[in-house]
Amino acid sequence: MARMLKERVHSLVVHDPVSGAEVTLHYRLPTSEERVAYQLSAFRLEGGERRFCLGETRLKFGLEIMTGFGAGDFLVTEADGELPLDPGRHPDWKERLKEHAPDLVSFLAQRVFEGLRVVP
């Protein structure tokens, strides 16, 4: 199948080791500028020393390209009890995922930014 050269939402289904369920993460493809910035931000100079920052980079860029997730894949506790996390109802959904599911967001970035493979 050929790659369609147009804007569209992509999805990645991952097995969440915490819940034991499959979670669907929706994302957009990164721009060329984002790809370069991702590579450049993996290392940082601090006090003349090189610092490895790949974990921070993955989380930051994963949140930038993430556009949503499968309905009911994340639950939050509110006064009404447990409710599905919903971007329409919870405008802070990215902050919630950053705090409570950074492993999934980071994995998304790793797959999208670093996941190219050579076919033997």
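- When all heavy atoms of Phe69 and Leu85 are compared, the closest pair comes out as CE1-O, 3.2 Å.
- Taking every heavy atom of both residues into account, Pro84 and Arg89 meet most closely at O-NH1, 4.4 Å.
- Val13 and Val9 end up in different hydrophobic clusters when Ile, Leu, Val, Met, Phe, Trp and Tyr side chains are linked at under 4.5 Å.
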Evaluation steps, side-chain contact (heavy atoms from CB on, under 4.5 Å), between His90 and Val76: CA-CA 10 Å; His90 305 100; Val76 294; 3.8 Å; yes
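- Taking hydrophobic clusters as Ile, Leu, Val, Met, Phe, Trp and Tyr residues chained together by side-chain heavy-atom distances below 4.5 Å, Val36 does not share a cluster with Leu63.
- Residues Ser41 and Thr57 share a closest heavy-atom pair of O-OG1, 2.9 Å.
- When side chains are defined from C-beta on, His10 does not count as touching His26, because their heavy atoms never get closer than 4.5 Å.
- Under 3.5 Å, the side chains of His100 and Glu95 contain no donor-acceptor pair of N or O atoms.
- No more than 12 heavy atoms of other residues, nucleotides or ligands shown are found within 6.0 angstrom of CZ on Arg111.
- Of all heavy-atom pairs between Phe113 and Gln39, the closest is O-NE2, 4.3 Å.
- Leu108 is listed as a side-chain neighbour of Met66, based on a closest heavy-atom distance under 4.5 Å.
- Put simply, the side chain of Glu99 never gets that close to the backbone of Arg96: no donor and acceptor are under 3.5 Å apart.
- Contact detail for Glu114 and Leu54: the closest heavy-atom pair is OE2-CD1, 3.8 Å.
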Verdict with supporting geometry, Glu56 and Arg51, salt bridge (charged side-chain N to carboxylate O under 4.0 Å, His left out): CA-CA 11 Å; Glu56 298 164 21; Arg51 182 169 170 252; 2.7 Å; yes
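- No side-chain heavy atom of Phe107 sits under 4.5 Å from any side-chain heavy atom of Leu25.
- Environment of CD in Glu49: sparse, with no more than 12 heavy atoms of neighbouring residues, nucleotides or ligands closer than 6.0 Å.
- For the 3.5 Å distance criterion, the side chains of Asp103 and Ser106 fail to qualify, holding no donor opposite an acceptor.
- Side-chain N or O atoms of Asp16 include none that pairs as donor or acceptor with a backbone N or O of Ala21 at under 3.5 Å.
- Comment: Glu64 does not engage Lys94 in a salt bridge, judged by the lack of any side-chain N to carboxylate O separation of less than 4.0 angstrom.
- Arg58 and Ala109 get closest at one heavy-atom pair: O-CB, 3.1 Å.
- For the pair Leu104 and Leu97, the minimum side-chain heavy-atom distance is 4.5 Å or more.
- Looking at Arg50 and Leu45, their side chains come closer than 4.5 Å, going by heavy atoms from C-beta outward.
- To the nearest 0.5 Å, atom OH of residue Tyr27 and atom CD1 of residue Ile65 are 7.0 Å apart.
- Looking at heavy atoms from C-beta onward, Leu83 lies out of side-chain contact with Leu75 at the 4.5 angstrom threshold.
- Classification of the Phe61-Tyr38 ring pair by plane angle, with boundaries at 30° and 60°, yields perpendicular.
- When side chains are defined from C-beta on, Lys98 does not count as touching Lys60, because their heavy atoms never get closer than 4.5 Å.
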